[in-house]
Amino acid sequence: MLNMVHIGVAILLFLLALLSILVAVLTAVKPGVDRANEGLVKIANSIGLIENIVVGLVTLTGLIAMFTGSWSLSQLWLWMSLLIMVFYSVTLVFITKPARLVLAEGGSEIKVGMQVLLHVVYLLLLLVSFALMLLKPV
């Protein structure tokens, strides 16, 4: 049951990461001070908060599954996945959100492009973490 919850929450996180990319791309259409961008930033902040909660749930269910399962703490893939989730969460709060707030005040094309790039990197990190979970390399 716990593994199914872990997988379901991980899929939800993947979908939220895709939604974040969509919002970042929509913001990139017309960078700068705009009423539409202000609304998109509010939506992106809400998605970011939900993403961070889901990252916490994925990490918590993964840690519980690790302690109740047959995996030892010496396996590298567990630590790598945990580090990816911590990095994901910390950068969402301390890098992506402040950058998004700057965009609402009037961002340039470079800043908006970096925002899109950040979200694509997050999605790629999630794919690496999913691969580690599925393949469980030694």
Taking Val58's backbone N and O only, do any of them form a donor-acceptor pair with His6's side chain (distance below 3.5 Å, no angle check)?
yes
Around atom CE of Met114, are there more than 12 heavy atoms of other residues, nucleotides or ligands at under 6.0 Å?
no
Spacing of [atom1] belonging to [X] relative to [atom2] belonging to [Y], to within rounding of 0.5 Å:
| X | Y | atom1 | atom2 | answer |
| --- | --- | --- | --- | --- |
| Leu63 | Leu82 | CG | CG | 5.5 Å |
| Leu19 | Ile50 | CG | CD1 | 9.0 Å |
| Thr96 | His119 | OG1 | NE2 | 5.5 Å |
| Leu49 | Lys97 | CG | NZ | 7.5 Å |
| Ser81 | Leu76 | OG | CG | 9.0 Å |
| Thr61 | Ile7 | OG1 | CD1 | 9.5 Å |

Would you please classify the geometry between the Phe14 ring and the Phe130 ring as parallel, tilted or perpendicular, with 30° and 60° separating the classes?
tilted
Of Leu40, Val116, Ile43, which meets side chain to side chain contact (heavy atoms under 4.5 Å, CB included) against Leu26?
Leu40
I'd like to know if [Y] and [X] are part of one continuous hydrophobic network [Ile/Leu/Val/Met/Phe/Trp/Tyr, side-chain heavy atoms within less than 4.5 Å].
| X | Y | result |
| --- | --- | --- |
| Val121 | Leu16 | yes |
| Leu83 | Val93 | no |
| Phe67 | Val9 | yes |
| Trp71 | Leu2 | no |
| Ile64 | Met66 | no |

Side-chain donor-acceptor distances from residues 84-92 under 3.5 Å, at least two apart:
residue: Tyr88; atom: OH; partner: Glu51; partner atom: OE2; Å: 2.4
residue: Ser89; atom: OG; partner: Asn52; partner atom: OD1; Å: 2.5
residue: Thr91; atom: OG1; partner: Phe87; partner atom: O; Å: 2.7
residue: Thr91; atom: OG1; partner: Tyr88; partner atom: O; Å: 3.2
residue: Thr91; atom: OG1; partner: Tyr122; partner atom: OH; Å: 3.1

In terms of heavy-atom contacts, Gln75 and Trp79 come closest through O-CD1, 3.4 Å
Might you point out which heavy atoms bring Ala65 and Asn3 nearest each other, and give the distance in Å?
CB-OD1, 3.7 Å
Any side-chain heavy-atom pair from Lys42 and Asn45 closer than 4.5 angstrom?
no
